[in-house]
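Notes follow the structure.
The basis for the numbers below is simple: all heavy atoms, side chains too, and nothing from hydrogens, waters or symmetry mates. As the structure lists them, so they are numbered: ligands from 1, and atoms in each ligand from 1.
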Amino acid sequence: MAVERTLSIIKPDAVAKNAIGEIYARFEKNGLRIVAAKMMQLSQAQAEGFYAEHKERPFFNDLVGFMTSGPVMVQALEGENAIATNRELMGATDPQKADAGTIRADFAQSVEANAVHGSDSSESAAREVAFFFEDGEICSRG
Ligand code: DAT
Ligand code: MG
């Protein structure tokens with residue numbers, strides 16, 4: 001399995017809970033290296049652009065409202081099989097359906113306030129990492 005990069009966001013609910021460190025520890029204990037990171041308050045335009053694939057969904061306006069409701073922590077993660085590894089660590093979108101021990105089972109409140117984002121394919125990972133980081137901001141240790 002090749003070394004991959006993926007884009008992770010710790011969402012406003014988990015930042016508000018002071019859970020950044022606990023979530024970072026899960027990444028690091030599972031072979032994912034943080035190779036770029038920034039805390040941001042997303043603008044409406046940034047949230048709409050990032051989630052453009054969902055713009056026809058009924059929850060889109062609520063999703064954008066939630067993602068702009070407070071600061072987020074954005075990071076690029078690197079490691080073997082990083083995209084799928086991060087999705088496994090996150091758990092299912094709906095925390096009620098997320099496996100025990102996953103980030104969403106442990107930190108999320110609802111389908112909307114679900115603690116973390118993670119890229120779901122190599123195409124979305126490439127787009128999403130580039131959405132937030134210039135090449136020169138990524139400190140690859142692969
Ligand atoms: P994921 O974040 O697991 O990749 P997704 O890409 O299907 O899930 O949806 C993106 C986000 O949109 C998700 O994290 C929370 C929100 N969302 C998805 N389905 C929703 C729903 N039925 N009601 C409210 N928000 C929803
Ligand atoms: Mg998704």
Side chain, backbone, both or neither: which part of Asn114 comes within less than 4.0 Å of ligand 1 when only heavy atoms are counted?
->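 The answer is the side chain.
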At a non-hydrogen distance cut-off of under 4.0 Å, which region of Arg87 contacts ligand 1 (side chain, backbone, both, or neither)?
->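 Under 4.0 Å from ligand 1, Arg87 contributes side-chain atoms alone.
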To the nearest 0.5 Å, what is the distance between CD (Glu22) and CZ (Phe107)?
->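 Separation between the atoms: 4.0 Å.
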What distance separates Leu32 CG from Glu80 CD, expressed to the nearest 0.5 Å?
->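 It comes to 10.5 Å.
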Tell me which donor-acceptor pairs under 3.5 Å the side chains of residues 50-67 have, and how far apart each pair is, sequence neighbours excluded?
residue, atom, partner, partner atom, Å
His54, ND1, Arg57, NH1, 3.1

[atom]: nearest protein contact (heavy atom, Å):
atom                    : result
atom 8 (O) of ligand 1  : Thr93 OG1, 3.3 Å
atom 24 (C) of ligand 1 : Phe59 CB, 3.6 Å
atom 15 (C) of ligand 1 : Val111 O, 3.3 Å

Do Glu28 side-chain atoms and Ala25 backbone N/O form a donor-acceptor pair below 3.5 Å?
-> no
N/O of Tyr51 under 3.5 Å from N/O of ligand 1, yes or no?
-> no
Which atom pair, heavy atoms only, marks the closest approach of Ile83 to Arg5?
-> CG1-O, 3.8 Å
Quick one: are Ser119 and Asn86 in side-chain contact, heavy atoms under 4.5 Å?
-> no
Please verify whether a non-hydrogen atom of Arg57 lies at under 4.0 Å from ligand 1.
-> no
Any idea which of His54, Met90, Glu53, Arg104 brings a heavy atom closest to atom 2 (O) of ligand 1?
-> Arg104
Contact atoms of ligand 1, heavy-atom distance to Leu63 under 4.0 Å = 11 (C), 12 (O), 16 (C)
Donor-acceptor pairs under 3.5 Å, side chain of residues 92-105 to any protein atom, not counting sequence neighbours: which ones?
residue, atom, partner, partner atom, Å
Asp94, OD1, Gln96, N, 2.9
Thr102, OG1, Asp99, O, 2.7
Thr102, OG1, Ala105, N, 3.3
Arg104, NE, Asn114, O, 3.2
Arg104, NH1, Gly91, O, 3.2
Arg104, NH2, Val116, O, 2.8

